[in-house]
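Residues: numbered from 1 along the sequence shown.
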Amino acid sequence: MRIPLFLAAVLASSLAFGQAEVKRKPAPQQTPDVIFVPTPQEVVDEMLRIADVKTGDVLYDLGSGDGRIPVTAAKKFGVRAVGIDIDPQRIREANENAKRNGVTDLVKFRNENLFTADFREATVVTLYLLPDLNEKLRPKLWAELKPGTRIVSHQFEMGTWQPEKKVELNGRTIYFWTVPERKK
């Protein structure tokens with residue numbers, strides 16, 4: 001059987017295109033640096049109290065898990081809140097949590113890496129990460145957040161950056177800092 005030259009060219013280019021598609025690898029799935037351990041609700045409430053969350057704030061929860069901190073902030077204070085987590089399963093759970101609590105108009109969840117995510121608009125940042133991740137994240141927080149932005153961490157410090165407040169609550173520790181003025 002003879003294939004017309006035009007059809008042979010189309011077939012060859014289709015095969016070449018198909019091979020190029022096969023060779024392209026999907027983006028690697030990133031895995032969390034920490035396991036998901038939910039923050040107890042009483043600690044969530046105290047973190048928001050210590051941060052003095054109020055109308056007009058924009059809260060970012062880095063490593064947001066099931067979204068309980070952004071959802072609580074939106075529900076109690078009516079603030080806009082964004083949760084960032086690298087685990088797509090946690091993002092699904094967080095979105096379900098926001099829907100169940102009727103705050104989807106105020107809360108958004110993003111499946112991103114904390115070290116490349118944009119959270120410059122935050123006036124409050126909450127964390128429940130490990131100490132080494134907090135320390136690694138600190139330069140980004142200082143460089144990108146506006147001076148005066150409040151940061152609250154459940155359980156873990158930020159290396160040599162001394163907290164302004166340290167609160168003990170039923171065996172849990174909550175730390176508070178304010179992003180300092182930039183040196184000129």
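- Screening Leu145, Val124, Val179 for a side-chain contact (heavy atoms from CB on, under 4.5 Å) with Arg150, the sole residue that qualifies is Val124.
- With respect to Met158, the side-chain contact (heavy atoms from CB on, under 4.5 Å) criterion is satisfied by exactly one of Leu133, Leu141, Leu129, Leu137: Leu141.
- With Glu46 contributing its side chain and Leu169 its backbone, the two residues share no donor-acceptor pair below 3.5 Å.
- For the pair Asp57 (side chain) and Lys54 (backbone), a donor-acceptor distance under 3.5 Å is present.
- We find the CG-CG distance between Asn111 and Asp87 to be 7.5 Å, quoted to the nearest 0.5 Å.
- One finds the CD atom of Glu112 at 8.5 Å from the CD1 atom of Ile91 (value rounded to the nearest 0.5 Å).
- The pair Glu96-Lys99 fails the salt-bridge criterion, with no side-chain N (NZ, NE, NH1 or NH2) lying under 4.0 Å from an Asp/Glu carboxylate O.
- From Trp161, atom CH2 reaches atom CD1 of Ile151 across 4.0 Å, with rounding to the nearest 0.5 Å.
- Residues Val53 and Leu59 have side chains in contact (heavy-atom distance under 4.5 Å, counting atoms from C-beta outward).
- Of the inter-residue distances, the one linking Arg92 atom CZ with Arg90 atom CZ reads 9.0 Å to the nearest 0.5 angstrom.
- Under a 4.0 Å N-O distance rule, the pair Lys146/Glu121 does not qualify as a salt bridge.
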Problem set entry | Step-by-step side-chain hydrogen bond (donor to acceptor under 3.5 Å, both in side chains) determination, Thr173 to Gln155 | CA-CA 5 Å; Thr173 307; Gln155 209 61 29; 4.5 Å; no
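- At a cut-off of 3.5 Å, with distance as the only test, no side-chain donor of Glu157 or Asn134 sits close to an acceptor on the other residue.
- With 3.5 Å as the limit, one finds no donor-acceptor pair spanning the side chains of Glu93 and Asn97.
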